[in-house]
Amino acid sequence: MDKYAVWGNPIAQSKSPQIHRLFAEQTQQLMEYKAILGDEQRFEQQLSTFFKNGGKGCNITAPFKERAFKIANQFSERCLVAEACNTLKILDDGSLYADNTDGIGLVSDLQRLNCLKSNQSILILGAGGATKGVLLPLLQAQQNITIINRTFSKAQQLAEKFQPYGNIQAVDITYIPKQSFDLVINATSLGLQGKTLNINPLILQQAQAVYDMQYSKGQDTPFIALCKQLGVKNTNDGFGMLVGQAAHSFELWRGIKPNIEPILDLIK
Ligand code: ATR
C-alpha cells in the first residue's frame, strides 16, 4: 500500500489523517496516511528514512516547513517564493519535489465561500510564515493586498519581495488607510495565545467578510469571536483552508482531486 504521512511537533491534534482517509475513500485510492511526531534534532534523518522505506509523499506542518524546504531538490514556484514546504512527493528518479498548497488551499476556500472576486482589497494581519505561504496564490488571483504587522519591518520586507507578482503594500499598524476592505484575513499566531491583534475595530466592522487562517474545534477562534462581537456578518475560520490545502496535496500525489464539500460536512 502506498505510504503517506504528516510530520509535525506536536502532531496528535492533526486532522490530516482523517481528511486524507476520507479523500482516499471518496476517490477509491489504496493508500495509508499516518501522523508522525517529528523529532526536533533528527527531523531530516527521520524524513530520509521514511522515503528510503518506500514513503511516497508527506505533508509537513509546524515547526518543520522551512526545514523540509531545505531538504527538497525540486520546487513549485509558489513553494520557492514561500520558502517553506507543506507537501513533499518523491519523484521516479528518487528526488524530492516540494510544493506549498496553503495559499491555493486558502484561495479555493475563499472561492467556495464566494469571498473571492477579482480586484478586491484584502487586508492581511501578520507577516510571518503563514502570510508568506499564501501571498503568491492570492496575488495570482488578482487581489490587491495590504499587510499590517506588529513588527512593521517584516511587513515591508514581504511587500517588497512580492511586489513583482502584483499589487501589494505594507502599512503601519497605526495608520491603516481609511478605505473599507472587501476582506480581512487574520494570519497572526495570536489566536494560539487566546488573543487578537489590536487594531481599529472600524476596519473589521467595515469589511465585507473576515477570514481567520486558524480554526478551533467546537468554538469560535478569538479573532472570529471578536468580529462577531463587533457585528461582522460574514465570518469564516480556516477549517476549509485546511481541507483545501489537503485536497491540493492529495491531487499532487494521486493525480485526482477530491471533492471538498462532502468531506467538510462529514468532519464538521
Ligand atoms: P506563523 O508561521 O504562524 O506565521 P510566525 O512566523 O512566528 O508564525 O509569525 C507569527 C505572526 O503573528 C507574526 O506576524 C507576528 O508578529 P511579529 O512579526 O511582530 O512577531 C504575529 N504575532 C505573534 N504574537 C504576537 C503578539 N503578541 N502581538 C502581535 N503580533 C503577534
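Not measured: the values here are computed from a predicted model. The chain is numbered in sequence order, starting from 1. Just follow the structure's listing: the first ligand is 1, and inside any ligand the first atom is 1.
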Spacing of OG1 belonging to Thr221 relative to OH belonging to Tyr215, to within rounding of 0.5 Å: 12.0 Å
- line: All heavy atoms of Ala98 vs all of Cys85, minimum pair found to be CB-SG, 3.9 Å
message: Regarding ligand 1, does Lys195 bring an N or O atom to under 3.5 Å of one of the ligand's N or O atoms?
response: no
query: What are the two closest heavy atoms between Ile60 and Lys65, and how far apart are they?
result: O-CE, 3.4 Å
field: Subset of ligand 1 atoms that lie under 4.0 Å from at least one heavy atom of Lys154
entry: 17 (P), 18 (O), 20 (O)
- prompt: If you measure every N/O of Ala127 against every N/O of ligand 1, is any gap under 3.5 Å?
  reply: yes
query: Are any of the N or O atoms of Leu190 closer than 3.5 Å to those of ligand 1?
result: no
task: Looking only at non-hydrogen atoms, find the nearest pair between Lys15 and Ile267 and report the distance.
output: CD-CG2, 4.1 Å
query: Is the closest basic N to carboxylate O distance between Asp182 and Lys117 below 4.0 Å?
result: no
message: Using a plain distance cutoff, I'd like to know if Arg150 has any nitrogen or oxygen under 3.5 Å from a nitrogen or oxygen of ligand 1.
response: yes
- prompt: What protein heavy atom sits nearest atom 9 (O) of ligand 1, and how far away is it?
  reply: Gly128 CA, 3.4 Å
query: To the nearest 0.1 Å, how far is atom 21 (C) of ligand 1 from its closest protein heavy atom, and which atom is that?
result: Thr188 CB, 4.0 Å
- request: Answer with yes or no whether Gln193 contacts ligand 1, where contact means a heavy atom under 4.0 Å from a ligand atom.
  value: yes
- prompt: Of the listed options (Thr151, Ile148, Leu158), which comes nearest to atom 17 (P) of ligand 1 when hydrogens are ignored and any heavy atom counts?
  reply: Thr151
task: Could you tell me whether Asp99 and Arg78 have a side-chain N and a carboxylate O separated by less than 4.0 Å?
output: yes
message: I'd like to know if Asp2 pairs up with Arg254 as an ion pair, taking the criterion as any Lys NZ or Arg NE/NH1/NH2 lying under 4.0 Å from an Asp or Glu carboxylate oxygen.
response: yes
task: Evaluate the 4.0 Å heavy atom contact test for atom 7 (O) of ligand 1: does a protein atom fall under the cut-off?
output: no
message: Ignoring hydrogens, what is the shortest heavy-atom contact between Gly126 and Asn149? Give both atom names and the distance.
response: CA-OD1, 3.4 Å
query: Any idea which protein heavy atom is nearest atom 16 (O) of ligand 1, and the distance to it?
result: Asn149 OD1, 3.2 Å
- prompt: What about Leu197: any of its N or O atoms under 3.5 Å from an N or O on ligand 1?
  reply: no
message: For ligand 1 and Ser189, I'd like to know whether there is a polar contact (N/O to N/O, distance under 3.5 Å).
response: yes
- request: Just need the protein heavy atom nearest to atom 4 (O) of ligand 1, so name the residue and atom and give the distance.
  value: Ala130 N, 2.8 Å
statement: Counting from 1 in the order shown, the ligand 1 atoms closer than 4.0 Å to a non-hydrogen atom of Gly126 are 14 (O)
field: Ion pair check, Lys161 and Glu83, cut-off under 4.0 Å
entry: yes
task: Could you tell me whether the side chains of Asn59 and Tyr4 share a donor-acceptor contact shorter than 3.5 Å?
output: no
